[in-house]
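Here is the structure we will look at, set down as C-alpha cells.
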Amino acid sequence: MSDNQGQLWEVFVQKKSGQPFVHCGNVHAFDKEMALQNARDVYTRRNEGMALWVVLSTAIVASSPEDIGSFFEPANDKIFRHPTFYQIPDGVGHM
Amino acid sequence: MDTAKFEEVFEAKLAKNDFIEPKDWMPENYRKHLIRQVSQHAHSEIVGMLPEGNWITRAPSLRAKLVLLAKVQDEGGHGLYLYTAAESLGISRDEMLNALLTGKAKYSSIFNYPTLTWADIGAIGWLVDGAAIMNQVMLQRSSYGPYSRAMVRICKEESFHQRQGYESITHLAFGTPEQKAMAQDALNRWWFPTLMMFGPPDRESPNSENALKWRIKRETNDQLRQRFVNQTVKQVEYLGLTVPDKHLKWNEAKQGYDFSEPDWDEFKNVIKGNGICNKERLASRNKAHSEGAWVRAAAEAYGKKQPEKEAA
Amino acid sequence: MNSNEALFNYTLRLGDTSLILAQRLSEWTGHGPFLEEDLALTNIALDILGRGKSLLEYAAQIEGKGRSADDLAFFRNEREYFNALIVEQSNGDYAKTMLRQAFIDCFDLLFYTELAKSKDSVLAGIAAKSVKEITYHKRHSFSWIKRFGNGTEESASRLQHAFDELWQFTGELFEMTETDTILIKENIAVDLATLKPMWEKEIQELLREAHINIPETTFMQKGSRQGLHTEYLGFILAEMQTLPRMHPTAKW
C-alpha cells in the first residue's frame with residue numbers, strides 16, 4: 001500500500017447555535033469519523049465553535065476567477081432588490 | 001486571454017492590495033517562490049516542535065508542563081495550517097514531507113541549536129517566538145490569500161507564546177543565583193541565532209527583491225532585525241540580564257540601536273547541515289514518519305472499507 | 001486510618017494515575033504517526049494532565065501539611081507513588097498506546113461518572129468536568145482500536161501483541177483496599193466491584209469488533225495500591241523530577 005497522509009477535507013465551524021457555518025481550514029484524514037475528530041482537535045482548541053461540518057475537498061465545486069464578470073457583476077444594477085430603493089411615507093411605522 | 005493580459009490582471013491586483021487566490025492566474029515564479037517559502041515555514045513549525053518538545057517530560061512544575069505541552073501542540077497546528085496553504089498551490093503534503101525528510105527542503109536554522117537547559121525553553125518562547133511573530137505579523141498582509149489567512153490565525157494563537165516565554169525567563173532572572181545564571185547563559189547562546197532568523201543582510205539576500213515586489217514579504221530582513229533589537233533590549237534590561245554584544249549602543253540619530261552583526265559564516269554553515277542538531281532533527285522526523293507508516297496504512301485500508309458500511 | 005487519611009490516599013491515587021499517564025502520552029508530542037493525530041493525542045494528554053493537577057492540588061489541601069501539588073508531584077519517591085501499573089507501561093507502538101488508552105478511557109468513563117455523584121463536592125466537581133473529556137477520549141481510542149483490528153494484517157497483529165502485553169495490568173484497576181472501604185461507607189468513593197462487569201462487557205465488545213481474543217484466564221498483576229511498581233516508574237520519576245530535585249529551593 002502506498003504511503004500517504006490521507007485525504008484533504010474542508011472544515012466549517014459554527015461559532016454559536018443559530019449562526020452560519022464558516023469555512024475555517026483543512027485537515028487530512030482517512031475516514032469520516034477521523035475527519036470530524038481531527039477537525040475538532042485542530043480547529044476548536046480555543047472555544048472556536050459549537051458545531052462542525054467536514055466535507056471532502058474533492059466534493060467542493062468552485063467558481064473561477066474568469067466567472068467574476070458573468071456571475072457577479074449583473075447583480076450590480078439590480079438596486080430594486082434592496083429595501084433602500086423604496087420610499088415609505090412617514091407615519092406608517094417600522095417596515 | 002494571453003499571458004501578457006493575465007500578467008496585467010495579476011499586477012493590477014497587487015497594486016490594489018487585493019489578494020491572489022488559489023484559482024487565480026499567477027506567474028510561475030510567484031507560485032514557486034510561495035511553495036518554497038510556505039512549505040519551509042511549515043517545516044520550521046514541525047521541526048520546531050522537537051527542541052522544545054524534549055523538555056515536556058522534564059518541565060519543573062505542573063503548570064509549566066501544561067503550558068509547554070499546549071505550546072508545542074500549537075506549533076504543530078501552525079505547521080498544519082501552513083501545509084494546507086501550500087497545498088492550495090498545487091503541491092501535496094506527501095511531496096513536501098518527502099522533501100523535508102530527504103533533506104532537500106530547508107527549515108529555520110534556529111531549530112538546529114540545542115536546548116541545553118530549562119532556561120532555553122523560556123528563551124525560545126521569548127526571543128525565537130518574538131522574532132517569528134515580528135515576521136508573521138508582516139506576513140498577515142502577504143498577497144497570497146491562503147498564506148495571509150493562515151498567518152492571521154497563527155498570530156492570534158501565537159500571541160501567548162512570547163508572553164509565556166518571557167514569564168518563564170522572569171521566574172529565572174528573579175530566582176536563585178543558579179536560575180539567574182541559567183537565564184543569562186540562555187540569552188548568551190540564543191541572542192545571535194535569533195538575529196539570524198530574519199535572514200541574511202539585505203545586501204546579500206537573493207530572494208528578497210521578488211518577494212517584496214510580489215508583496216509576499218513587505219519589509220526587508222534588516223528592517224525587521226532592527227525593529228526586533230529595538231524592542232527587545234528594554235526587556236533584557238528589565239530582567240537585569242545583559243545582551244551579549246559589546247557594541248550594542250543607542251543611536252539617537254536613527255532612533256534605534258547599533259549592534260554587531262551575527263556571524264554569517266556560522267549561519268551558512270548551519271544551513272549547510274553542520275549545526276550540532278541538524279542530523280538529529282532530521283533523524284527524529286524520519287523515525288516518527290517511518291514508525292507511523294503502518295498506522296497510516298491501517299487507517300487507509302480501514303477507510304477504504306467504510307463507504308460500504310457508511311461511517312459515523 | 002481515619003477518613004481524612006483515606007481521602008488523601010484516594011485522591012493521591014487518582015492524581016498519580018492521571019499524572020503518570022499524561023507524562024507517558026506527552027512523550028508522543030512531536031513524534032505522532034501523522035500531524036493531525038499528533039495534535040489529537042496532545043489534546044488528550046492536556047486534559048489528563050489538567051485533571052491530575054486538580055487532583056493533586058486537592059490532595060495537598062486535604063493533607064494540610066503545607067505541601068503543594070508540585071511538591072507531591074516532584075518530591076515523592078517510587079514507593080510513595082500510587083498510580084495504576086498500566087499507565088506507567090512504555091508507550092510501545094501506536095497500537096499499544098491506543099489500547100492502553102482504550103482500557104483506561106473505558107474504565108475512567110464508568111469511574112468518573114460515578115465519582116461525579118460523590119458526597120465530596122470537590123471530587124464530584126473534578127469528576128463532572130472529566131466525564132465530558134473522557135467521553136471524547138474514548139470515542140477517539142475506540143475508533144483507533146477498530147481501525148487497527150480491521151485495517152491491515154500488520155495492524156491487527158500489532159494490536160494482538162499490545163493486548164498480550166497489557167491485559168495483565170487491567171485487573172488491578174478494580175482492586176479495593178481499606179481506603180476504598182472507609183470512603184464507600186461515607187458515600188465518597190466509587191465501589192469498583194460494580195464497575196467491573198460493565199467494563200468487561202464494553203471491552204469484550206470492542207475487542208470482538210477488533211478480532212482480538214480474550215483468554216479465559218490471565219494472571220493479573222497488582223501492587224500499585226501498596227506503592228509497588230514495574231521498573232518503568234523509576235525512570236519516569238527520574239526524568240520528571242530532575243529539575244526541582246536539582247534546585248530544591250527554586251520557584252519556576
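All chains are named by letter (A, B, ...) in the order of the sequence lines, taking the proteins before the strands, and each is independently numbered beginning at 1. Only a predicted model underlies this, so the values are computations on that prediction, with no experimental measurement involved.
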Checking heavy atoms, do the side chain of C/A95, its backbone, both or neither come under 4.5 Å from chain B?
both

Ignoring hydrogens and geometry, is there a side-chain-to-backbone donor-acceptor pair from C/Q23 to B/T57 under 3.5 Å?
yes

Against chain B, label C/H31 side chain, backbone, both or neither, depending on which of its atoms sit under 4.5 Å from a heavy atom there.
both

Heavy-atom proximity to chain C below 4.5 Å, by part of B/I46:
side chain

When only heavy atoms count and the cut-off is under 4.5 Å, which of residues 42-62 of chain C reach chain B?
C/T42, C/N43, C/A45, C/L46, C/L49, C/G50, C/K53, C/L56

Side chain / backbone / both / neither for C/R245 at chain B, heavy atoms under 4.5 Å:
neither

Which portion of C/F74 sits near chain B, non-hydrogen atoms under 4.5 angstrom:
side chain

Considering only heavy atoms, which portion of B/K65 lies under 4.5 Å from any heavy atom of chain C: side chain, backbone, both, or neither?
both

Check whether C/E239 reaches the backbone of B/R58 with its side chain - one donor and one acceptor, N or O, closer than 3.5 Å.
no

Are B/Y302 and C/W144 an aromatic pair by the rule of ring centers under 6.0 Å?
no

Donor + acceptor pair across side chains of B/Q179, C/K251 (<3.5 Å):
no

Examine whether an atom of C/A73 lies under 4.5 Å from a heavy atom of chain B, and if so say whether it belongs to the side chain, the backbone or both; otherwise answer neither.
side chain

Shortest non-hydrogen contact from B/A301 to C/G151?
CB-O, 3.7 Å

Structural part of B/S61 lying under 4.5 Å from a heavy atom of chain C
both

Tell me whether C/R147 contacts the main-chain N or O of B/A298 through its side chain, where contact means a donor paired with an acceptor under 3.5 Å.
no

Which portion of B/A59 sits near chain C, non-hydrogen atoms under 4.5 angstrom
backbone

